[in-house]
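The structure appears below as structure tokens.
All figures in this text were calculated on a predicted structure; none of them were measured in a lab. Below, read A as the first sequence line, B as the second, and so on, with proteins coming before strands; counting in each chain starts at 1.
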Amino acid sequence: MARKDKMSGNEAVATAMRQIEPDVMAAFPITPSTEIPQYYSKFIADGKVDTEFIAVESEHSAMSACMGASAAGARAVTATSSAGLAYMWEVLYIVASSSLPVVMAVVNRALSAPININNDHSDSMGARDTGWIQLYAESNQEVYDNYIQAFSIAEACRLPVMVCQDGFITSHGVSNIELLEDSEVKDFVGEYMPADYLLKSENPLAIGPFGVSSYYMEIKRKQAESMKASMPIITEVADKYAKLSGRQYSFFEEYMMDDADIALLIIGSSAGTAKATVNLLRSEGKKVGLIKLRVFRPFPRESLAKAMCKVKAVAIMDKAESFSNSGGPLFSEARSSLYDLPNKPYAINYIYGLGGRDITVEHFCEIYNDLFAIIDSNDPGDVYRYIGVRDSRFK
Amino acid sequence: MENINLTEIRWHGRGGQGAKTACMLLADAAFNSGKHVQGFPEYGPERMGAPITAYNRISDAHCDVHSNIYYPNYVVVVDETLLNSVDVTSGLHEAGALIVNSKKTPEEIRQKVNGYPGKICVVDATAISLETIGKNFPNTPMLAATVKITNLIETNKFLQDMEESLKHKFSKKPHLIAGNIAAFKKSMEEVLVG
């Protein structure tokens, strides 16, 4: 039975964590993810959970402790943001490459400099090539649902999962949520019973050995295959979760796409604001749609390209700058996925929301108007753009 | 487009005065009366005394929007000195209201906010707080005035609800419960609408 409540996204993650009761949590505080270990420490202090909390001295150590615990056969979790995630860099690769199903709550925050505590996706987008599965959420409800599904995905795929939400916007914003019963969550994730682990004496195992040139490449090829193999598992877990919760998840959500002429492709909380814009423009008879990407790793290349091909022009929204001189990370991959298709739409990149810069319904109206102008004139113009930036030199 | 009957509220206060807490309590109370709610402050480098902003969206069905609020139905000003430095009525609907913690009359306030033509409500939240709670917590009376003026929650239901949550919050300081409830009631009685 679902229980209606209201809470912030951080509290939602901590609540899901309490319901799952992992064996080990290792964490170091950093805004805006600090509340997650804070709430969870209280659950431990109040005797509500029996998790070993390791108060480490840095994020590098937090991820290292998760790696050790996971290798030893424990269900291990952490939470971080921004510079904390950056400080874990080295160990992120080791965890993924060692097939350790660690689950990490990432509360997305900008990277320095200048120092900024607000939301953008530069932290987790920077970690996109570390071999972790990445799930993104629009709301507190979605981050709760993603967090519960993450364990089933990670443990079936033997890959670590980042469960991302937008710092402050959903992490600290309180809104309505439907929680599952504790027993339903426990049953859904089940007991963690890895087939092999470091402390299993009857089956000795080496984790993290030296890999010479004559083996290394085969291992990396196999790791790439495991990311591909995670796709049907992500779908299976979503379907199983839908039966339990009534909420169906997929790699992406299509909103008003069936007869749309133009669309946005977007990740995270701003998708909500964009949906309100779709509703507004639809009420004026304009055929606009939206695609919200939930799973960035593995990237759903084929199905996403097919969805984008329903329209004549798509604005690909990046809440992170790549400094590549060729657009943000979502743009590069989504646009590349269209390359082989005959009826591909114009694909325009908008960098938005860096360091907490707000994006509003009015901004999204402007973007949809740009797209209408592009399909009317058959001229995409410069495809690498910014929205919501003050400096007129960079229009 | 579905009509979700959305009310948007913007809070202006100074760090340490409890504007964020009042915003969160309003979200709680509206949730308890069956509404869909959002309560979120605008985060930055907070310091005691620095201007802060917090927001509420209260509606009959889920609201998707995740931006700040630029065209509020109501604006609540917890610290009157902000009228000198912050354009508090920016975007405020004429059919809405500005609610200010002040000893001044609504007409005196109107002159300080570029003649905002809508309703201006005043309540001396600082004095009420000192009298009932014994300390300057202007957020408590401002929350009650906001509930009264916005009519979003039935006032008796709100008071019952707050009593419950205060019992929980101040389980070790029960003397604070009666003071806070008195502050709520007094503010609802004294808020002047002009």
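- Both the backbone and the side chain of A/N176 come within contact range of chain B, each with at least one heavy atom under 4.5 Å from a heavy atom of that chain.
- Shown here for B/D64 and A/E138, the closest heavy-atom pair between the two residues is OD1-OE2, 4.2 Å.
- Taking the six-membered ring for Trp and thresholds of 30 and 60 degrees, B/Y43 and A/F168 have nearly parallel ring planes, at less than 30 degrees apart.
- A distance of 8.0 Å separates CD1 of A/I169 from CG of B/N68, quoted to the nearest 0.5 Å.
- Across all their heavy atoms, A/I359 and B/S67 have their closest contact at O-CB, 3.2 Å.
- The line from CZ of B/F40 to OG of A/S8 is 13.5 Å long, rounded to the nearest 0.5 Å.
- Note that CD of A/Q141 and NE2 of B/H62 are 9.0 Å apart. Values are rounded to the nearest 0.5 Å.
- A/K48 NZ: 12 or fewer foreign heavy atoms inside a 6.0 Å radius.
- For B/M24 against A/H172, the heavy-atom pair with the smallest separation is CE-O, 3.8 Å.
- Only the side chain of B/Y70 comes within contact range of chain A, judged by heavy atoms closer than 4.5 Å.
- Between A/D166 atom CG and B/H66 atom NE2 the span is 8.5 Å, to the nearest 0.5 Å.
- Interface remark: B/D28 contributes backbone and side-chain atoms alike to the contact with chain A (heavy atom separation under 4.5 Å).
- Shown here is A/K287, whose NZ atom has no more than 12 heavy atoms of other residues, nucleotides or ligands within 6.0 Å.
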